[in-house]
Amino acid sequence: MVRLPLTPAEVERGQRLGALLRRARGERSMLNIALDARVSPETLRKIESGRVATPAFPTIAAIADVLGLSLDAVWAEIRRPECALGQADSAHHAHEQLTP
């Protein structure tokens, strides 16, 4: 199966996710977190480094659970800049429609 290249937004989202997980892990061992989440340490390392920008939902759910993160908090963190951009685009589009 051929995988399409990631968009810059997907790459950035993956980097934000990795940073969030690293912060939540703190000084705890990557190996222990990975084993507790039942993912390979290599998978966790790739996600934390942003090399896996679009990990599977069950993987993120398991890691978040072990780290004590709510999925709502994870979602809010990774979509934050996109949400602001989308609001700016919507406001610009609405302005264009109102301007003669």
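Just so you know, these numbers use all the heavy atoms, side chains as well, and skip hydrogens, waters and symmetry mates.
The shortest heavy-atom contact between A37 and A62 is O-CB, 3.4 Å. Across all non-hydrogen atoms, the minimal contact from P5 to E10 is O-OE1, 4.4 Å. Between A61 and L71, the closest heavy-atom pair is CA-CD2, 3.8 Å. Taking each heavy atom of R28 and V66 in turn, the nearest pair found is NH1-O, 3.9 Å.
You'll find the side chain of T59 stays beyond 4.5 Å of the side chain of V52, heavy atoms only. In this structure, the side chains of L35 and S40 stay at 4.5 Å or more apart for every pair of heavy atoms.
From L6, atom CG reaches atom OG1 of T54 across 5.5 Å, with rounding to the nearest 0.5 Å. Interatomic distance, OG of S49 versus CD of Q15, reported as 9.5 Å (0.5 Å rounding). The CG atom of L21 sits 14.5 Å away from the CZ atom of R45 when rounded to the nearest 0.5 Å. Taking CG from L44 and CE from M30, the interatomic distance works out to 5.0 Å, rounded to the nearest 0.5 Å. Taken to the nearest 0.5 Å, the CD atom of E42 stands 10.5 Å off from the CD1 atom of I47. We find the CD-OG1 distance between E48 and T43 to be 11.5 Å, quoted to the nearest 0.5 Å.
Both I60 and W75 are members of a single hydrophobic cluster when ILVMFWY side chains are connected at heavy-atom separations under 4.5 Å.
For R38, the salt bridge (charged side-chain N to carboxylate O under 4.0 Å, His left out) criterion is met by no residue, not counting sequence neighbours.
R51 places no side-chain N or O within donor-acceptor distance of the main-chain N or O of K46, the cut-off being under 3.5 Å.
Electrostatic pairing of E77 and R23 counts as a salt bridge here, judged by a charged N lying under 4.0 Å from a carboxylate O.
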